[in-house]
K.L.:
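Mind looking over this structure? Questions follow.
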Amino acid sequence: NRPTLAVVGATGAVGTVMRDILSTRQNVWGEIRLIASARSAGRRLTVRGEEVEVQALTADVFDGVDVAMFDVPDEVSAEWAPVAAERGAVVVDNSGSFRMDPDVPLVVPEVNARMTRNRPRGIIANPNCTTLSMIVVLGALHAELGLTALNASSYQAASGAGQAGIDTLHDQLNKVAGNRELGTHPGDVRRVVGSDLGPFPAPLALNVVPWAGSLKNDGWSSEELKIRNESRKILDLPDLKVSATCVRVPVVTTHSVAMHATFENEVTTERAWEILRDAPGVVLYDDPARGEFPTPADVVGTDPTWVGRIRRSLDDPYSLDLFVCGDNLRKGAALNTAQIAELLAAELTTA
Ligand code: 2RA
């Protein structure tokens, strides 16, 4: 018999994509329970073509659940993931609560699937969407070339900040639409957009905002530290040199990352193409002469990580410069969580 799955956070931006993914990928589940806050309980949502009633998040709802996919705020996961694990579920958590816990594996199936079985707390963590938008490509290159340092600049979509981010961007675009004078004088966009900046610290329409997440030590943002700390853990490179700058851009969904990656071995563009052409979960799209390189407009809604603009650094034969795009709601969150859950389903079904 097939394992029982719970989707916790079923009504959010990522939860909605989780239901889409569960309805389109090969079905490996028995019962699927949809769980959300008490205010959403009773709503009927569709998954696998069937209407399912949303249940409120309580301890009892995890009785009989084999795998629980969580996409809820950090503090909700911190409280409820251990409860679900205590009731016998293996939790795949998409929040930041457990990612750096030494007893919780941080898993990207294409890179370190083996870590899924090593889960002393019954919790497996899903990386941050920005890390997930680049790590499948980086992991494939590291496996062959030995990564030693990474500089990354992200171009992050509004939906990384949830439905509020999407709504704020669209509201601001409506305000600036058609006004060709805007973006030509200091503060002109800010005046038209007004004070409702939503989850962003500055106007996003017709702008870029060099900030994502919260302020940490020495001026670094939480997003930038996540790229550094999560890449080190996933690749098992505790001394990897990482410097990241995370920027919010007026894109609805799909994160992009420009990377400068340095390796133990000399690299060539051709060798990088050879590695990435066949890498699982990667689309190589790299022919600038024909205008072929990844852009969010082409990548959104797809599962792979798209990579292009690959070139050997002009001043360092051990380094590559490259550009990747990944849908931050799919591989960046819901898909990776579902892939980990499928690994667990295979383990539990054969057990
Ligand atoms: C963001 N990566 O884009 C963070 C959380 N999803 O806001």
Side-chain angles (χ1 to χ4, degrees), residues 8-9 11-18 21 69-78 92-100 106-108 125-138 150 152-170 172 197-205 207-216 220-234 242 244-259 296 299-301 305 324-338 340:
V8 183
T11 57
V14 171
T16 302
V17 176
M18 275 181 182
I21 284 173
M69 291 163 55
F70 273 58
D71 188 83
V72 291
D74 289 5
E75 65 278 3
V76 177
S77 276
V92 187
D93 178 44
N94 196 20
S95 84
S97 294
F98 301 99
R99 288 180 185 143
M100 303 322 291
L106 185 62
V107 175
V108 183
N126 199 63
N128 186 37
C129 55
T130 317
T131 306
L132 276 167
S133 298
M134 53 168 234
I135 199 73
V136 173
V137 165
L138 209 54
L150 170 69
S153 292
S154 72
Y155 304 75
Q156 295 183 219
S159 62
Q163 191 60 46
I166 299 171
D167 295 343
T168 298
L169 176 57
H170 280 297
Q172 292 182 5
L197 301 175
F200 308 119
L204 189 56
N207 203 17
V208 294
V209 182
W211 191 263
S214 55
L215 177 61
K216 297 296 182 183
W220 293 93
S221 72
S222 57
E223 283 291 286
E224 289 153 357
L225 296 180
K226 286 176 183 177
I227 288 181
R228 181 173 185 267
N229 297 332
E230 293 174 19
S231 297
R232 287 178 156 191
K233 183 168 178 180
I234 295 161
V242 181
T245 300
C246 291
V247 181
R248 192 75 69 184
V249 294
V251 166
V252 176
T253 291
T254 292
H255 289 346
S256 307
V257 187
M259 293 192 278
V299 173
V300 63
T305 304
V324 296
C325 288
D327 182 315
N328 55 289
L329 298 181
R330 293 184 77 85
K331 182 59 182 176
L335 174 65
N336 199 70
T337 305
I340 295 168

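Order of appearance sets the numbers: ligands from 1, and atoms from 1 within every ligand. Computed from a predicted structure; not experimentally measured.
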K.L.:
Give every pair made of an N or O atom of ligand 1 and a protein N or O atom lying under 3.5 Å apart, one pair per line with both atom names and the distance to 0.1 Å, or write 'none'.
P.N.:
from: ligand 1; atom 1: 2 (N); to: Asn128; atom 2: OD1; distance (Å): 3.0
from: ligand 1; atom 1: 2 (N); to: Asn128; atom 2: ND2; distance (Å): 3.4
from: ligand 1; atom 1: 2 (N); to: Thr130; atom 2: OG1; distance (Å): 3.3
from: ligand 1; atom 1: 2 (N); to: Glu223; atom 2: OE1; distance (Å): 2.8
from: ligand 1; atom 1: 2 (N); to: Glu223; atom 2: OE2; distance (Å): 3.3
from: ligand 1; atom 1: 3 (O); to: Gln156; atom 2: NE2; distance (Å): 3.1
from: ligand 1; atom 1: 3 (O); to: Arg248; atom 2: NH1; distance (Å): 3.0
from: ligand 1; atom 1: 3 (O); to: His255; atom 2: NE2; distance (Å): 3.3
from: ligand 1; atom 1: 6 (N); to: Gly160; atom 2: O; distance (Å): 2.9
from: ligand 1; atom 1: 7 (O); to: Gly160; atom 2: O; distance (Å): 3.0
from: ligand 1; atom 1: 7 (O); to: Arg248; atom 2: NH1; distance (Å): 3.4
from: ligand 1; atom 1: 7 (O); to: Arg248; atom 2: NH2; distance (Å): 2.7

K.L.:
How close do Pro199 and Thr168 get, counting heavy atoms only, and between which atoms?
P.N.:
CD-OG1, 3.4 Å
K.L.:
Could you walk me through whether Lys233 and Glu230 pass salt bridge (charged side-chain N to carboxylate O under 4.0 Å, His left out), step by step?
P.N.:
CA-CA 5 Å; Lys233 183 168 178 180; Glu230 293 174 19; over 6 Å; no
K.L.:
For Val76, give me all partners under side chain to side chain contact (heavy atoms under 4.5 Å, CB included), at least two apart in sequence or on another chain.
P.N.:
Leu57, Val72, Pro73, Trp80
K.L.:
How about Thr131 and Ile234: do any of their side-chain heavy atoms sit closer than 4.5 Å?
P.N.:
yes
K.L.:
Mind listing the closest non-hydrogen atom pair of Cys246 and Glu224 along with its distance?
P.N.:
N-OE2, 2.9 Å
K.L.:
Has Ser221 got a side-chain atom pairing as donor or acceptor with Ser214's backbone, closer than 3.5 angstrom?
P.N.:
no
